[in-house]
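Each ligand, and each atom within it, is numbered from 1 in the order the structure gives.
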Amino acid sequence: MKFYSLNNPEAKVSFKHAVVAGIAPDKGLYFPESITALPSSFFEDIASLSNQEIAFQAIRQFVTDDVTDKKLKEILADMLDFEFPVVDIEENIGALELFHGPTMAFKDVGARFMANCLGHFSEDTNEEVTVLVATSGDTGGAVANGFLGVKGVKVVILYPSGKVSDIQEKQLTTLGQNIEALEVEGTFDDCQNMVKKAFLDTEITTTKKLTSANSINVARWLPQLFYFLFAYKASKSKGRDIVFSVPSGNFGNICAGMVAQQLGMPVKHFIAATNCNDTVPNFMSSGHYEPKPSTATISNAMDVGDPSNFVRIRQLHNNDFEALKQNLSAYAFDDTTTKKAMLNIYEQSRYIADPHGALGYLGLKKYLRNKPYTYGIFLETAHPVKFLDVVENTLGIHLEIPLRIQAVMHKTKKSHRIGTYEQLKSFLFN
Ligand SMILES: *Cc1c(COP(=O)(O)O)cnc(C)c1O
């Protein structure tokens, strides 16, 4: 399978090339040249398959030129060693919990898959790959953890000093080995701008192999389609139409769900829920795509004003707005509404939702009105303790911090402070 740049269909590369480069030289996102549906027996018999078997069948066609079946099975066994339960919240609503991984962020799966692939691809070269990533908090921990100890790969994480939670900072700065944390005197946007500048800086890119670990990278984006298949497996026996509501920021996760649909998974509709960063909901009602600067909210992993994967979603629907509207509804909600939903869910079902999951729930409720024969699944993308203050204050409860998270608190932070792009550059060269 080849991948092409969305800016130029003629520019085709291998999976390996797409993973190592991250983005095409013309700045286009890589996209699979074809998606072949799995046999219908796969979906009929899905309940008899293990998660690893499901994942193997689903992703094989995309990677098979560069990853042997044996290696792919090893990678999947290594990364899918935790649960993805669908918890019933209401009679026709379930929460797909994606936070049971090592850093309790749903990005663990994508980060681990990408780390394994990059590690595998660098086995037969001497050239080190540097993964450069800016984080506003949650992504960095998942990336750092996924890449820890991977040979031939160095990870440099930039985070805004004083603007991530204590737990998040510890998750980023205490791992050591091949993980380096840069504490930037500035905001998340400053971190991201430095990273973007580095990717365009030929003094760096001619001497170093740089790649990104966000969802523009196909190895981080595609494995997210597993979640939808696992949820389908858990919910198929309900015998109803299934719809998914996905709290969306860069729209990588929901886009992966649409790939699962093109693999033949019976799903009726997708709902994208956003916070007040409502570029996509606006597009879905007006047909005009107008990116804007991001606004800070309590669901900060979704504070994105120009979602990078939305071009992939449009491509999946052949850039046909009417076709897209048939398959996708998008709704935005503000922080007050989100908090009210968190409280409602807790009072009605005793379920503790984090602000991101609560947005997924809100989108689903809105869509499900007058649709009695439908079962809706919203994705709960972060463990509530990852957003401790807002959850505790909104629900008036005290949360126990899981041991897995507590374990980092006594470790010693190691970071390098930087303030300027030149300092990042000299760090990369040393
Ligand atoms: C990254 C993230 C999202 C958004 O996912 P996208 O694929 O960028 O749309 C939602 N919730 C949480 C907790 C996240 O970390």
Side-chain angles (χ1 to χ4, degrees), residues 29 95-111 113-114 133-146 159 164-165 167-168 171-172 188 192 212-228 244-260 270-275 277-281 294 297-313 316 328 330-333 338 342 352-363 378-388 390-391 405:
L29 269 62
L96 169 59
E97 294 186 346
L98 299 179
F99 55 71
H100 296 278
T103 72
M104 308 198 120
F106 92 94
K107 294 180 175 75
D108 280 327
V109 162
F113 187 76
M114 182 179 162
V133 36
T135 183
S136 57
D138 225 32
T139 310
V143 169
N145 202 280
Y159 72 96
V164 304
S165 74
I167 291 175
Q168 288 173 337
Q171 283 186 323
L172 294 175
F188 169 62
Q192 193 143 39
S212 74
N214 55 34
S215 55
I216 61 173
N217 195 302
V218 292
R220 253 226 36 212
W221 165 54
L222 279 174
Q224 302 177 112
L225 66 86
F226 302 158
Y227 306 138
F228 298 83
F244 284 100
S245 176
V246 187
S248 296
N250 268 317
F251 282 68
N253 203 8
I254 191 169
C255 183
M258 291 167 169
V259 175
F270 286 91
I271 299 118
T274 74
N275 55 33
N277 293 284
D278 55 1
T279 303
V280 171
S294 65
T297 71
I298 56 168
S299 46
N300 61 28
M302 296 162 52
D303 293 348
V304 181
D306 185 7
S308 48
N309 284 286
F310 198 62
V311 284
R312 283 185 170 139
I313 292 185
L316 279 172
L328 174 70
Y331 308 117
F333 304 93
T338 308
M342 290 164 65
I352 302 170
D354 96 294
H356 305 76
L359 282 165
Y361 173 88
L362 278 167
F378 69 94
L379 277 57
E380 179 42 292
T381 47
H383 193 291
V385 298
K386 298 301 271 306
F387 297 88
L388 194 66
V390 55
V391 173
I405 301 290

Discussion item. Show, in sequence, the C-alpha distance, side-chain angles and deciding distance for T338 and V390, and conclude whether the side-chain contact (heavy atoms from CB on, under 4.5 Å) test is met.
Written reply: CA-CA 11 Å; T338 308; V390 55; over 6 Å; no
Worksheet item: Hey, are N275 and S299 close enough side-chain-wise for a donor-acceptor pair under 3.5 Å?
Response: yes
I'd like a table of the close N/O pairs between ligand 1 and the protein (anything under 3.5 Å), one pair per line with both atom names and the distance.
unit_1	atom_1	unit_2	atom_2	d
ligand 1	7 (O)	G252	N	3.2
ligand 1	7 (O)	N253	N	2.9
ligand 1	8 (O)	N250	N	2.8
ligand 1	9 (O)	G249	N	2.8
ligand 1	9 (O)	N250	N	3.3
ligand 1	9 (O)	F251	N	2.9
ligand 1	11 (N)	T381	OG1	2.7
ligand 1	15 (O)	K107	NZ	2.4

Practice prompt. Would you give the length of the straight line joining atom CG of N300 to atom CG of N277, rounded to the nearest 0.5 angstrom?
Written response: 10.5 Å
Worksheet item: Does one side chain, of N250 or S215, offer a donor that lies under 3.5 Å from an acceptor on the other?
Response: no
Worksheet item: Within the side chain of H356, is there an N or O that forms a donor-acceptor pair under 3.5 Å with the backbone of A301?
Response: yes
Item to complete: May I have the step-by-step check of side chain to side chain donor-acceptor pair (under 3.5 Å) for S212 and N217, ending in yes or no?
Response: CA-CA 7 Å; S212 74; N217 195 302; 4.9 Å; no
